[in-house]
Amino acid sequence: MRIDLHAHSNASDGTDSPAELVAAAVAAGLDVVALTDHDTVAGHAEAAEAVRGTGLTLVPGAELSCHVDGISMHLLAYLFDPAEAAFAAERELVRTDRFRRGRAIVERCRELGAPIDWEQVERIAGAGSVGRPHIASALVEAGVVATVSDAFTAEWLANGGRADVRKHETDPVTAVRLVRAAGGVPVFAHPGAVKRGRTVSDEVIADLAAAGLGGLEVDHTDHDGPTREHLRGLAAELGLFTTGSSDYHGHRKTVRLGEYTTDPAAYEQLVGQATGAAPIRG
Ligand code: AMP
Ligand code: ZN
Ligand code: FE
Ligand code: FE
């Protein structure tokens, strides 16, 4: 079984449509793929339609933007009821604020001499939940930086960078409770991704575990070997399962779908904890 539990479509900042993502997952030889767009479930219906007859299983999910002690972090949520009102309202709040903040970042970039504009970012984002990677693509188009990843520096869009503007992000303990109340399973995404900025302490992870966190994403391209070993030990201590995932974003990142995968036993635990929705078997 090849299981990849973290992938983005163009419903957020990936470059594949949900149907293209499903086709790419089949081509990559995956048995299970999770669609986890930032703060939105807008890609679920198209992906569910696309898995029909493929033999691929789709795990509907999302990746919620959170913030604690001045540190941004991401919470993956799987198999929640997308209609549950409180969690749906929180996703809506984050998505709406992404527009205000996107415009503010573009304004900052212009002040700093980058010839980009909001219409360009809107064209790049399309219907997607707008984020810094779309603005990074605009900076690439304008010839300001060579690659999307080169835009994530202190000079431009990195956390705390010259053109970084904060968006509304949920307190993670609240987020864990919202996901559970919607019947979903919360998993801390790339908890040790130091290249993105400061990461949270083990004490915060223990607090999240006490609030109902289900697992830690351990095998991820942004984690080195010692970080993975540490996180595996911490997960065992706290009674959490561990996952491995690509965090695929199409051509906006270099990681390939299925480059990191999740152990079937951990996947069984995840599915066993969910009451909000079931995996969709194609
Ligand atoms: P946003 O959700 O708008 O705050 O943007 C965060 C997204 O930017 C993350 O989900 C990543 O996809 C991307 N990102 C963050 N840091 C980096 C980085 N150092 N290199 C490339 N992409 C990054
Ligand atoms: Zn992303
Ligand atoms: Fe993330
Ligand atoms: Fe992600």
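One-based numbering, in listed order, for ligands and for the atoms of each.
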How far is atom 19 (N) of ligand 1 from its nearest protein heavy atom, and which residue and atom name does that atom have?
Phe152 CB, 3.5 Å

Yes or no: does [X] have any heavy atom under 4.0 Å from an atom of ligand 1?
X: Lys253; result: yes
X: Glu63; result: no
X: Arg101; result: yes

For Glu169, is at least one N or O under 3.5 Å away from an N or O on ligand 1?
no

For [X], take its heavy atoms, then give the atoms of ligand 1 lying under 4.0 Å from any of them.
X: His38; value: 10 (O)
X: Arg98; value: 1 (P), 2 (O), 3 (O)
X: Arg196; value: 9 (C), 10 (O), 11 (C), 16 (N)
X: Gly131; value: 3 (O)

Salt-bridged, [X] to [Y], with N to O below 4.0 Å?
X: Arg132; Y: Asp164; value: yes
X: Arg196; Y: Asp247; value: yes
X: Arg123; Y: Asp117; value: no
X: Arg252; Y: Asp13; value: no

For the residue pair Glu259 / Thr221, report whether a side-chain donor-acceptor contact shorter than 3.5 Å exists.
no

Decide yes or no for Ser17 and Asn10: does some side-chain heavy atom of the first lie under 4.5 Å from some side-chain heavy atom of the second?
yes

Is there a side-chain contact between Ile116 and Leu139 (heavy atoms, below 4.5 Å)?
yes

Could you identify the N, O or S atom of [X] positioned closest to the Fe ion (ligand 3)?
X: His74; value: ND1
X: His190; value: NE2
X: Glu63; value: OE2

Hydrophobic cluster membership, with links at side-chain heavy-atom distances under 4.5 Å among I/L/V/M/F/W/Y: are Val41 and Leu64 in one?
yes

Pairs under 3.5 angstrom only: tabulate donor-acceptor contacts from the side chains of residues 273-282 to other protein residues two or more places apart or in another chain.
residue, atom, partner, partner atom, Å
Gln273, OE1, Arg180, NH1, 3.2
Gln273, OE1, Arg180, NH2, 2.9

Given Ser65, which of Met73, Arg95, His168, Lys167 fulfils the side chain to side chain contact (heavy atoms under 4.5 Å, CB included) condition?
Lys167

Ring pair (Phe, Tyr, Trp, His ring centres under 6.0 Å) involving His44 - partner list, sequence neighbours excluded:
none

Does only the side chain of [X] get under 4.0 Å from ligand 1, or the backbone, or both, or neither? Count heavy atoms.
X: Arg132; answer: both
X: His249; answer: side chain
X: Arg252; answer: neither
X: Val130; answer: neither

Verify the neighbour count for atom CZ of Arg166: are there more than 12 heavy atoms of other residues, nucleotides or ligands below 6.0 Å?
yes

If you take the centroid of each ring, where Trp contributes its six-membered ring, are His8 and His6 closer together than 6.0 Å?
yes

For Arg2, the salt bridge (charged side-chain N to carboxylate O under 4.0 Å, His left out) test, sequence neighbours excluded, returns none

I want to verify a count. Protein N, O or S atoms less than 2.8 Å away from the Zn ion (ligand 2), how many are there?
4

Atom 7 (C) of ligand 1: of Gly14, Pro133, Ser65, Ser149, the nearest heavy atom sits on Pro133

Return yes when at least one N/O/S atom of Asp247 is nearer than 2.8 Å to the Fe ion (ligand 3), and no when none is.
no

When you measure from the centre of the six-membered ring of Phe87, is the NZ or CZ of Arg91 under 6.0 Å away and within 45° of the axis?
yes

